[in-house]
Amino acid sequence: MGILIRTRDVPAARRYDEWRSIVCDTLGPLDLRIEGDAPLRGEISAGHLGPLGVGRVQTSTPHSVHRTPGLIRHDNPDLYRVVLAISGRPALMQDGRSTQLKRGEFAIYDFGRPYELAYDSAVHLAIFGFPRTMLALPFESIAKLTAVPITPDSGGGALAAPLLRRVALDLETYQTANAARLSTVVMDLVTMAITERVEQTETLSEESRSRTLLLRIHTFIEQHLGEPDLAPGTVAAAHHVSLRYLHRLFETQDTTVAAWIRHRRLERCRKDLADPAFHNVPVGVIASRYALPDSAHFSRLFRRTYGLPPAEYRRTCLMPPG
């Protein structure tokens, strides 16, 4: 994570303009407002964790940033952001809701709709940005959850909040290959925490309830791909549903539970085979990681799915250009 601005390094007369420029370049077009003549003091850092944008803002100057309809008309990427209060009490307002986050709490907001993020005292924030498509939850459910605090006290929030904090503070220590994998873990835990909050704050229609449950099941399967006993029965038991209902959920996706588990195992193997960080790991070891220990069976499945045997697929992906 690189420091983009440290106000003590900037002449006082230029601090406001440079701070505003960094905020807009890093987070997107925003309206920056500072009450009175308060001197601007603080620091902004930014970097990436795989596909996630990660920023940190530290400031002792009370001020606010606003995403206005006019700014949205000129620039409207399909992004969600998550803000975590490392310290201080930032206030987030969107969709008629307002919350003042406590230390360790986080909330999601939609960069494509008007919002305000305000600080009336010193704060240290971590801000994560990602495409809407990375959050596997219905858009209408997220729209009901913006500016709603997710606490670190229990459930998914207890897992996600400390990880978000650690990632923001240690971002520069992660190697590129590890960062890409860690971003998947971050999104899985954020999705879990937000899913739990959705269920607490709204009465879902049967259709929404089914979609939310299916997304939770997908996350569960992703987290247990390496376990040999992962099967429809264990998935159903973990989510307190009947095997028949579980199969019915997957019928809406034109697949079966077993086929989905097999597909995700093969996909994870394919990604690892194409990852330079694993170029010395034998193909059989990678397959075993995802509960596919029979080398001949794995090779047949892989070739049938991707058109090449796994070893040849790896050589093709890792072949130097030219």
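If you're wondering where the values come from, they're calculated on a predicted model, not measured in any experiment.
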| Charged N to carboxylate O under 4.0 angstrom, Glu251 versus Arg248? | no

| message | So, taking the atom named NZ in Lys271 and the one named CG in Asp275, what distance separates them when rounded to the nearest 0.5 Å? | response | 10.5 Å

| task | Report whether Leu101 and Leu125 are members of the same hydrophobic cluster (ILVMFWY, side-chain heavy atoms less than 4.5 Å apart, transitive linking). | result | yes

| query | Is it the case that Arg67 places NZ or CZ above or below the six-membered ring of Tyr109, under 6.0 angstrom from the centre and within 45 degrees of the axis? | reply | no

| field | Within-4.5 Å side-chain heavy-atom neighbours: Asp110 and Asp95 | value | no

| message | Using 0.5 Å steps for rounding, measure from the CD atom of Glu172 to the OG atom of Ser45. | response | 8.5 Å

| Cluster check Trp260, Leu243: I/L/V/M/F/W/Y, side chain < 4.5 angstrom | yes

| field | Check: Val190 and Leu164 side chains under 4.5 Å, non-hydrogen atoms | value | yes

| said: Does the Lys NZ or Arg CZ of Arg265 fall within the cation-pi geometry relative to Tyr290 - under 6.0 Å from the ring centre and within 45° of the axis? | reply: no

| field | Pair His124 and Tyr119, ring centroids less than 6.0 Å apart | value | no

| request: Drop me the distance from Asp9's CG to Arg15's CZ, to the nearest 0.5 angstrom. | output: 9.0 Å

| Do Phe220 and Ile261 share a hydrophobic cluster (ILVMFWY, side-chain heavy atoms under 4.5 Å, transitive)? | yes

| query | Side chains of Tyr16 and Leu32: does their closest heavy-atom pair fall under 4.5 Å? | reply | yes

| request: Working to the nearest 0.5 Å, report the span between CG of Leu84 and CD1 of Ile150. | output: 11.0 Å

| Would you say Val235 and Ile221 make side-chain contact, with heavy atoms under 4.5 Å? | yes

